[in-house]
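Let me begin by presenting the structure, written as structure tokens, before commenting on it.
All values derive from a computational prediction rather than experimental measurement.
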Amino acid sequence: MAPGFSCLSGKPECPVHPTELVFALDQSRDVTRQDFERMKAMILSLVREVKVRDNSCPVGARVAVLSYNSHTRHLIRFSDTYSKSQLLREIEAIPYESSSDGREIGKAMRFISRNVFKRTLPGAHTRRIATFFSSGQSADAHSITTATMEFSALDITPVVIAFSNTPFVKRAFAIDDTGTFQIITIPSGADYMPALESLQRCTFCYDVCKPDPSCSQARPPPVQSYVDAAFLLDGSRNVGSADFEDIRAFMEALLDHFEITPEPMTSITGDRVALLSHAPPDFIPNTQKSPVRTEFNLTTYNSKRLMKRHLEESVQQLNGDRFIGHALQWTLDNVFLHTPNLRRNKVIFVVSVGETSHLDKETLKKESLRAKCQGYALFVFSLGPAWNDKELEDLASYPLDHHLVQLGRIHKPDHRYGVKFVKSFINSLRRAVNKYPPIGFKTKCNKLSPADPKQPLQPLQSFVPGPHKATLRKGALQAAHFFQGRKYLSRVTRSGKDVAVPNFTRSISHTFKNGKNVIKTASK
């Protein structure tokens, strides 16, 4: 039972759970007065059927109304706390305003996720729903995709009520595999009441504890598209031991979003994952020493269970200096190059807790460009209080806000956001939302050395500390035995609850900062 039911007597009203409802009115240049009045009539019809929260009891819905074109502005805020009758009068009084600006629904979505939903009502079942009205096509396809990833990571349910087809929105919403993201098309002049009744019953009044059987959610059909992924885990000396334990737990959660193939050596279907730790203590550039320790290759394990066990029992902090560029170079030349049946989607996840060594700067720029030109997606998690903006821009694939997550300080609720964002990102890979290499990269790629990019730059061996000095060779299924007998390392559990983060505007691209904990380092 949702918190706050004690404030009610008898059967709870709609919504069943504490809910925050946002409505966004389209006020772009092609919206007529008739269209605008139709939008308002729909909002009034929906609001009349819900219990509006108008006192201190956390039951019912808080309602906010905004308008958007190429800019977004508040009309009615959550904090205005109107009674239901007053709220209806305020909505009725919203005036039609002609505009010369175009429609940017993605920009409006991102504004709402980062500003309107900044404060969250307490409670495990609190729901956040944003309903956007659209009178036509939106030009910002890239921004719509970014907003979809953010909404999915923040557990915000978007609904688009469109008066005409919206292919960019439809394509972006396919990234979400829960079936909760909705597009309701109501042509001009059509009766909208049946669609609103379904929206009311199956979204606004939906009970997650007792779902209505008539509200089965139509999930996007799966696509036969698979991923080869390598994770570069930062185990440098600058990472605190407790933070390193949290990063390992973070990695375990990320593994849940892959469909691991049971036959990694021979199958052409299913996902495969490799894990490498970087920053061994004795690495020196331009030597035969390796900048990584290969934890497991793409063909080592055939289940998430075995990968997670390896993470818990065998992955240790290496405590060396950070050489991200050299680690990336080694991964390209030794992990992917020698693996059979490479998948169409190749991605390298870089988990970084700070700036790379000054001896690594040029290598990082060169190898990240080489990876992008060879069709790899580079996804970067920037953790911790310090980073270099230029370095992250050079490393992550384009567009940056699809491939770069800056969580700031290492904090478990933020991990949840990062994990859910990666889920959407992997779905975007499967559905070929972005191009690898990116369009417009041809000139940059032509500047690379004409040497065969498939040839390793130097025959490095993988570093294995302690008594295990053997090299993890390509396709070596015996790799699992190198780490048997090691003492189990239990994860350090933080005291905080893994819930949605209140009062926190999460950041995806390099342009957002994480409060006072951020120390931005300048490019050298």
Side-chain angles (χ1 to χ4, degrees), residues 141-142 145-146 225-232 271-274 276 278 285-286 290-292 297-298 322-352 356-357 359-382 388-405 422 425-426 428-460 474 509-510 523:
H142 156 73
T145 301
T146 305
S225 180
Y226 308 105
V227 177
D228 278 339
F231 286 86
L232 297 182
D271 301 331
R272 299 181 296 186
V273 174
L276 304 100
H278 63 90
N286 302 316
S290 172
V292 302
N297 280 311
L298 292 170
R322 210 176 273 115
F323 285 88
I324 301 172
H326 284 76
L328 180 59
Q329 178 192 81
W330 198 96
T331 303
L332 292 171
D333 292 337
N334 295 274
V335 174
F336 288 94
L337 184 60
H338 298 298
T339 300
N341 305 318
L342 277 180
R343 305 314 192 228
R344 183 187 73 180
N345 305 304
K346 304 180 294 294
V347 57
I348 299 175
F349 291 91
V350 179
V351 182
S352 175
T356 197
S357 166
L359 300 175
D360 186 63
K361 298 290 186 181
E362 290 305 313
T363 301
L364 177 61
K365 290 178 64 176
K366 182 181 70 175
E367 294 304 318
S368 61
L369 178 59
R370 179 165 77 105
K372 293 166 189 172
C373 291
Q374 291 182 10
Y376 291 84
L378 297 181
F379 189 104
V380 181
F381 285 104
S382 175
N388 182 316
D389 282 351
K390 183 63 169 62
E391 179 176 300
L392 296 177
E393 290 175 8
D394 287 339
L395 180 56
S397 290
Y398 296 117
L400 283 177
D401 47 14
H402 294 185
H403 299 86
L404 174 59
V405 171
V422 164
F425 169 72
I426 293 172
S428 78
L429 282 179
R430 300 192 197 280
R431 296 182 179 274
V433 169
N434 293 308
K435 302 295 182 184
Y436 304 100
I439 296 173
F441 244 59
K442 185 176 180 180
T443 302
K444 291 185 177 182
C445 295
N446 288 339
K447 294 179 181 179
L448 289 176
S449 170
D452 184 359
K454 293 185 179 180
Q455 295 302 318
L457 297 184
Q458 50 184 336
L460 299 175
K474 58 175 181 175
S509 72
H510 63 284
S523 300

- request: Determine, step by step, whether His142 and His402 satisfy the ring pair (Phe, Tyr, Trp, His ring centres under 6.0 Å) criterion, reporting the C-alpha distance in whole Å, the side-chain angles of both residues, the deciding distance to 0.1 Å, and the verdict.
  value: CA-CA 9 Å; His142 156 73; His402 294 185; 4.9 Å; yes

- prompt: Can you tell me how far the CD atom of Gln329 sits from the CG atom of Asn334, to the nearest 0.5 Å?
  reply: 9.0 Å

message: Would the distance check show the side chain of Glu391 and the main-chain N or O of Thr356 forming a donor-acceptor pair, the cut-off being under 3.5 Å?
response: yes

- prompt: Going through the distances and angles, do Arg370 and Gln374 end up as a side chain to side chain contact (heavy atoms under 4.5 Å, CB included)?
  reply: CA-CA 6 Å; Arg370 179 165 77 105; Gln374 291 182 10; 3.4 Å; yes

- line: In terms of heavy-atom contacts, Arg344 and Ala432 come closest through NH2-CB, 4.4 Å

- prompt: Between OG1 of Thr331 and CD1 of Ile348, what distance do you get to the nearest 0.5 Å?
  reply: 5.5 Å

field: side chain to side chain contact (heavy atoms under 4.5 Å, CB included) partners for Ala396, two or more places apart
entry: Val380, Leu400, His403, Leu404

Side-chain touch Ile324/Ser352, heavy atoms, less than 4.5 angstrom: yes

message: Would you say that Leu369 contacts Lys365 through its side chain, given a criterion of any heavy-atom pair below 4.5 Å between the two side chains?
response: no

Evaluation steps, side chain to side chain contact (heavy atoms under 4.5 Å, CB included), between Leu395 and Leu328: CA-CA 10 Å; Leu395 180 56; Leu328 180 59; 4.2 Å; yes

task: For Leu342 and Phe336, work out which heavy atoms get closest and say how close.
output: CD1-O, 3.6 Å

- request: Would you please classify the geometry between the Phe349 ring and the Phe379 ring as parallel, tilted or perpendicular, with 30° and 60° separating the classes?
  value: tilted

- prompt: Taking atom types as modelled and ignoring hydrogens, do the side chains of Asn297 and Thr339 form a donor-acceptor contact shorter than 3.5 angstrom?
  reply: no

query: Considering all heavy atoms of both residues, which atom of Leu276 and which atom of Ala230 are nearest to each other, and what is their separation?
result: CD1-CB, 4.3 Å

Closest contact, heavy atoms only, Tyr436 versus Gly375: CB-O, 3.5 Å

field: Arg431 side chain to Leu429 backbone, donor-acceptor under 3.5 Å
entry: no

query: What's the shortest heavy-atom distance between Asn388 and Lys361, and which atoms?
result: ND2-NZ, 4.1 Å

Gap between atom CG of Asn434 and atom CZ of Phe425 - 0.5 Å precision: 7.5 Å

query: Can the positive tip of Lys435 be found less than 6.0 Å from the middle of the six-membered ring of Phe441, inside 45° of the ring normal?
result: no

- prompt: Which pair of non-hydrogen atoms, one from Leu378 and one from Ser368, has the smallest distance, and what is that distance?
  reply: CD1-O, 3.7 Å

message: Is any side-chain heavy atom of Leu364 closer than 4.5 Å to one of Phe323?
response: no

- request: I would like to know whether Asp360 and Arg322 meet side chain to side chain contact (heavy atoms under 4.5 Å, CB included); could you show each step before the answer?
  value: CA-CA 8 Å; Asp360 186 63; Arg322 210 176 273 115; over 6 Å; no

message: Could you go through Asp271 and Arg343, starting from their C-alpha distance and side-chain angles, then the distance that decides it, and tell me whether this counts as side chain to side chain contact (heavy atoms under 4.5 Å, CB included)?
response: CA-CA 8 Å; Asp271 301 331; Arg343 305 314 192 228; 6.0 Å; no

message: Name the residue from Cys445, Ser397, Pro437 that meets the side-chain contact (heavy atoms from CB on, under 4.5 Å) definition with Lys372.
response: Ser397

query: When you measure from the side chain of Thr363 to the backbone N and O of His326, does any donor-acceptor pair fall under 3.5 Å?
result: no

query: Is the side chain of Asp228 donor-acceptor paired with the backbone N or O of Lys346 at a distance under 3.5 Å, no angle test?
result: no

